[in-house]
Amino acid sequence: MPFSKTVIRNNYTSMGKEIPARNEDYSLWYNELVKKADLAEHSEVRGCMVIKPYGYSIWEKMQQALDKMFKDTGHSNAYFPLFVPKSLFEAEEKNAEGFAKECAIVTHYRLKTDPEHKGKLMVDPEAKLEEELVVRPTSEAIIWNTYKKWIQSYRDLPILVNQWANVVRWEMRTRLFLRTAEFLWQEGHTAHATADEAVRETVQMLDVYAEFAESFMAMPVIKGRKTDSERFPGAVDTYCIEAMMQDGKALQAGTSHFLGQNFAKAFNVKFTSKEGKLEDVWGTSWGVSTRLMGALIMAHSDDDGLVLPPKLAPIHVVIVPIFKSDEELKKITEKVDQISAALRKQGYAVKFDNRDTHKPGFKFAEWELKGVPVRLAIGPRDLENGTVEVARRDTKEKQVMKLDEVSAAVPRLLDDIQQSIYQRALGYRNEHITKVETYDELKKVLDEKGGFVSAHWDGTPETEAAIKEETKATIRCIPLDVKEEAGKCVYSGKPSNKRVLFARAY
RNA sequence: CGGGGCGUAGCGCAGUCCGGUAGCGCACCUGGUUUGGGACCAGGGGGUCCCAGGUUCGAAUCCUGGUGCCCCGACCA
């Protein structure tokens with residue numbers, strides 16, 4: 001049925017806060033969900049988004065958890081400038097080349113009133129910068145240039161710094177959270193005396209990311225190494241965590257880079273070793289961004305809206321009263337206050353939705369759209385029976401329980417939800433790793449089933465590029481736990497000693 | 001950067017072909033009835049029709065030139 005997207009759009013938006021079905025148009029489902037759930041919206045600036053309070057509070061939860069993990073592994077936060085002088089930016093050649101095409105550049109520092117157009121401003125041609133400033137697409141340049149001043153001896157090492165910041169990459173095509181021109185992220189930048197220590201740091205932070213993805217986001221990931229062509233510009237080795245979305249497309253959720261001595265050499269960062277020798281410093285960098293929000297949304301949510309893992313939900317429990325009179329509401333509120341207090345005491349965020357402007361059904365739908373893990377409903381019947389209705393967002397199951405059991409039951413329920421959405425995502429992910437032996441199979445799986453395709457590859461960039469060209473699939477990673485196994489490249493037939501994961505990706 | 005679409009009330013859109021007082025749904029405000037899965041009735045408020053110029057007695061509508069955003073592709077952590 002050749003309905004245009006415009007037609008589909010008409011159908012649901014006129015109905016209020018409904019979103020299109022995932023299996024009809026996954027991409028439209030995602031876009032509408034982000035907007036309708038109050039996570040983010042497009043701004044006046046092309047490719048840039050406004051993260052709304054509800055969306056931002058999820059991001060803050062992510063930040064808190066990650067920040068703690070960084071601190072627990074010995075890192076400290078710092079802040080470096082938004083602007084990078086062009087001469088610094090170009091110092092590490094590969095890095096500069098890699099990002100050159102998507103840099104925003106500041107060329108002037110002043111506006112003036114436009115004599116030709118009343119009330120308008122124009123760039124003051126007199127105020128041209130002597131040296132242009134690049135708006136950071138990443139901060140290695142400015143940071144390594146700074147580290148040069150901080151490091152003289154092995155005693156100054158290691159430096160274990162992280163910064164929470166915004167960066168700008170002038171993307172041609174953007175999508176809310178998944179790829180925006182400006183995005184928020186954290187970038188860790190560490191400096192070490194030995195290669196071994198730097199590699200250990202790189203892997204350690206990859207483990208931190210994997211741990212965060214799995215135990216907080218409830219999103220299983222595959223740890224792996226990128227191929228040469230997918231490597232971070234300027235890095236020796238790029239490690240990643242790859243996740244699987246519900247539409248069978250892969251998403252890179254975090255990266256950790258072993259920089260070798262590349263940036264040290266480019267910025268002349270040397271240290272005197274214990275033995276009195278002058279050596280180049282070893283480096284790492286690692287980051288995750290607001291893209292994780294996109295991953296979180298696409299990993300769990302359904303046609304009724306967001307499904308949030310309790311560990312990242314801004315509101316754990318919403319309580320909806322069902323009442324006819326003020327009198328009734330008052331009685332219900334007394335009970336609700338007791339429950340709320342008991343839950344808050346245990347550290348949960350509780351929302352009592354006592355608006356008298358909306359009916360319960362409306363509230364149920366709205367909080368489901370926003371992904372609140374647990375909903376309690378209390379009405380006159382419950383007052384009589386000393387009960388409360390408990391509903392879980394992930395499965396939509398409802399049960400009625402005794403009021404005095406609630407404060408003990410809710411924590412168990414939240415734990416169960418956290419586990420069960422992880423298990424569901426894990427099940428989906430595992431079902432979508434398909435081993436293939438031939439190129440025809442690889443293409444067939446990509447087209448008909450999606451997901452990761454595990455196949456032998458001859459290790460050459462030519463084969464990788466050819467497969468990408470023909471199938472739109474890229475090598476997502478060489479899994480860290482890959483086992484050596486003799487085989488033949490699905491494309492070239494040349495010998496291969498391990499399988500890699502192919503997928504179409506975000 | 002190529003192809004397409006769209007800029008009209010807070011949101012989603014109709015009206016544009018064929019010029020003549022700017023409309024519909026949702027949302028909003030007031031009053032009432034409702035409230036265990038997206039309430040109903042009555043009344044009401046709100047718009048430089050993206051911008052600039054032109055044609056015309058008269059432009060959301062026709063002409064010219066801008067501009068912004070979205071979608072698809074290419075590119076890309």
Side-chain angles (χ1 to χ4, degrees), chain A residues 4-19 25 27-28 30-32 35-36 41-49 95 97-103 117 120 137-138 140 167-176 178-181 183 185 187 226 229-235 238 240 251-257 285-291 304-305 320-326 328-329 332 353-369 375-385 387-389 391 396 398 400 468-469 472 474 505-506:
Chain A
S4 75
K5 285 183 178 177
T6 317
V7 172
I8 293 167
R9 183 175 284 133
N10 287 347
N11 287 346
Y12 65 84
T13 47
S14 61
M15 302 288 290
K17 288 206 162 185
E18 277 177 45
I19 54 176
D25 188 332
S27 166
L28 193 59
Y30 174 83
N31 289 341
E32 288 302 318
K35 286 184 266 196
K36 295 267 164 65
E41 62 191 35
H42 291 287
S43 71
E44 293 305 302
V45 190
R46 179 201 160 83
C48 294
M49 65 179 161
N95 187 251
E97 238 175 70
F99 287 105
K101 294 185 299 287
E102 44 194 322
C103 286
H117 303 279
K120 304 279 185 199
T138 180
E140 276 78 4
V167 287
V168 170
R169 296 181 187 176
W170 216 260
E171 300 290 347
M172 294 176 187
R173 192 142 145 50
T174 59
R175 293 194 69 191
L176 293 170
L178 295 173
R179 174 170 284 112
T180 47
F183 58 91
W185 77 344
E187 46 182 327
K226 287 292 189 189
S229 67
E230 299 275 328
R231 195 197 297 138
F232 176 73
T238 288
C240 62
L251 186 142
Q252 176 179 300
T255 50
S256 185
H257 317 290
S285 66
W286 28 274
V288 296
S289 71
T290 36
R291 182 177 229 208
D304 294 316
V320 177
I322 292 142
F323 60 98
K324 290 195 172 71
S325 63
D326 285 352
E328 234 163 36
L329 177 60
I332 291 167
D353 187 355
N354 59 358
R355 289 176 292 179
D356 60 2
T357 50
H358 296 277
K359 290 180 63 175
F362 179 92
K363 295 177 183 177
F364 293 173
E366 181 165 276
W367 293 113
E368 278 163 10
L369 179 63
R375 181 188 72 230
L376 307 182
I378 306 181
R381 270 205 315 263
D382 296 300
L383 285 184
E384 236 170 78
N385 306 330
T387 56
V388 56
E389 183 193 80
K396 297 293 208 62
K398 289 192 257 194
V400 173
K468 183 180 176 183
E469 171 71 26
K472 311 265 186 234
T474 48
Y506 278 98

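Owing to the predicted nature of the structure, the values given are computational and were not obtained by experimental measurement. Per chain, numbering begins at 1; letters A, B, ... match sequence-line order.
- Taking atom C1' in both G7(B) and U35(B), one finds a spacing of 40 Å when rounded to whole Å.
- Remark: Asn31(A) is not in phosphate contact with C70(B), judged by side-chain N or O atoms under 4.0 Å from OP1 or OP2.
- With a 3.5 Å ceiling on both atom-pair distances, C18(B) lacks any Watson-Crick or G-U wobble partner.
- As judged by a 4.0 angstrom heavy-atom cut-off over every strand, Lys226(A) is placed among residues making no nucleic acid contact.
- Mapped onto RNA chain B by nearest heavy atom, Met172(A) and Ser229(A) fall at different nucleotides, with Met172(A) at the one closer to the 5' end.
- Here Thr180(A) lies out of heavy-atom contact (under 4.0 Å) with every strand.
- Following rounding to the nearest Å, Leu28(A) (CG) and C71(B) (P) show an atom-to-atom distance of 10 Å.
- U55(B) is unpaired under the Watson-Crick or G-U wobble criterion, no partner having all donor-acceptor distances under 3.5 Å.
- The distance between atom NZ of Lys101(A) and atom C1' of A74(B), rounded to the nearest whole Å, is 13 Å.
- For the P atom pair drawn from G46(B) and A22(B), the interatomic distance equals 14 Å after rounding to whole Å.
- Atom NE2 in His42(A) sits about 11 Å away from atom P in C69(B), given to the nearest Å.
- Nucleic acid contact for Leu178(A): base, since at least one base atom lies under 4.0 Å from a heavy atom of the residue.
- Look at OH on Tyr506(A): it is 19 Å from P on C76(B), rounded to the nearest Å.
- On the P atoms, C62(B) is 38 Å away from C75(B), given to the nearest whole Å.
- For Phe323(A), the ring pair (Phe, Tyr, Trp, His ring centres under 6.0 Å) test picks out no residue, with sequence neighbours left out.
- Going from atom CZ of Arg291(A) over to atom CZ of Phe183(A) covers 9.0 Å, rounded to the nearest 0.5 Å.
- Gln252(A) comes within 4.0 angstrom of the backbone, heavy atoms only, and of no base.
- One N or O donor and one acceptor, one from the side chain of Glu368(A) and one from the base of G37(B), sit under 3.5 Å apart.
- Going from the C1' atom of C76(B) to that of C29(B) covers 49 Å, rounded to whole Å.
- Spacing between atom NZ of Lys324(A) and atom P of G32(B) amounts to 19 Å, rounded to whole angstrom units.
- Counting non-hydrogen atoms under 4.0 angstrom, Val45(A) reaches the backbone sugars and phosphates but no base.
- Ring pair Phe362(A)/His358(A) is parallel by interplanar angle, where below 30° counts as parallel and above 60° as perpendicular.
- Distance CZ/Phe99(A) to CZ/Phe232(A): 4.5 Å, rounded to 0.5 Å.
- Nucleic acid contact class of Pro380(A) (heavy atoms, under 4.0 Å, all strands): base.
- If you check U61(B) for Watson-Crick or wobble pairing at under 3.5 angstrom, you find it has no partner at all.
- Computed from coordinates, the Lys363(A) NZ to G36(B) P distance equals 11 Å when rounded to whole Å.
- Residue Arg355(A) is out of contact with every strand shown, counting any heavy-atom pair closer than 4.0 Å.
- Residue Arg231(A) contributes atom CZ, which lies 14 Å from atom C1' of A77(B) at whole-angstrom precision.
- The side chain of Ser27(A) places an N or O atom within less than 4.0 Å of a non-bridging phosphate oxygen (OP1 or OP2) of C72(B).
- Glu171(A) comes within 4.0 angstrom of a nucleotide base, judged by non-hydrogen atoms across all strands.
- Evaluation of atom-type donor-acceptor distances gives no pair under 3.5 Å for the side chain of Arg173(A) against the base of C71(B).
- Distance check on atom C1': C24(B) versus G47(B) gives 14 Å, rounded to whole Å.
- Contacts of Ser285(A) classified as side chain to side chain donor-acceptor pair (under 3.5 Å), with partners at least two apart in sequence or in another chain: Glu140(A).
- In this structure, G23(B) and C13(B) make a Watson-Crick or G-U wobble pair, each of the two defining distances being under 3.5 angstrom.
- Within a 6.0 Å sphere centred on CH2 of Trp185(A), heavy atoms belonging to other residues, nucleotides or ligands number more than 12.
- The phosphate of C26(B) has neither OP1 nor OP2 within less than 4.0 Å of any side-chain N or O from Lys36(A).
- Atom pair Arg175(A):CZ and C72(B):P shows a separation of 6 Å (rounding to whole Å applied).
- Minimum interatomic distance between Val400(A) and Thr387(A) (heavy atoms only, all atoms of both residues): CG1-CB, 3.6 Å.
- Taking CE from Met172(A) and CZ from Arg46(A), the interatomic distance works out to 9.5 Å, rounded to the nearest 0.5 Å.
- OP1 or OP2 of A74(B) has at least one side-chain nitrogen or oxygen of Lys472(A) nearer than 4.0 Å.
- Summarising the base pairing, G68(B) is matched to C6(B) through a Watson-Crick or G-U wobble pair whose two defining distances lie under 3.5 Å.
- Comparing Gly47(A) and Arg169(A) by the nucleotide of RNA chain B whose heavy atom lies nearest to each, the residue mapping closer to the 5' end is Gly47(A).
- Not one side-chain nitrogen or oxygen of His358(A) sits closer than 4.0 Å to the OP1 or OP2 atom of A39(B).
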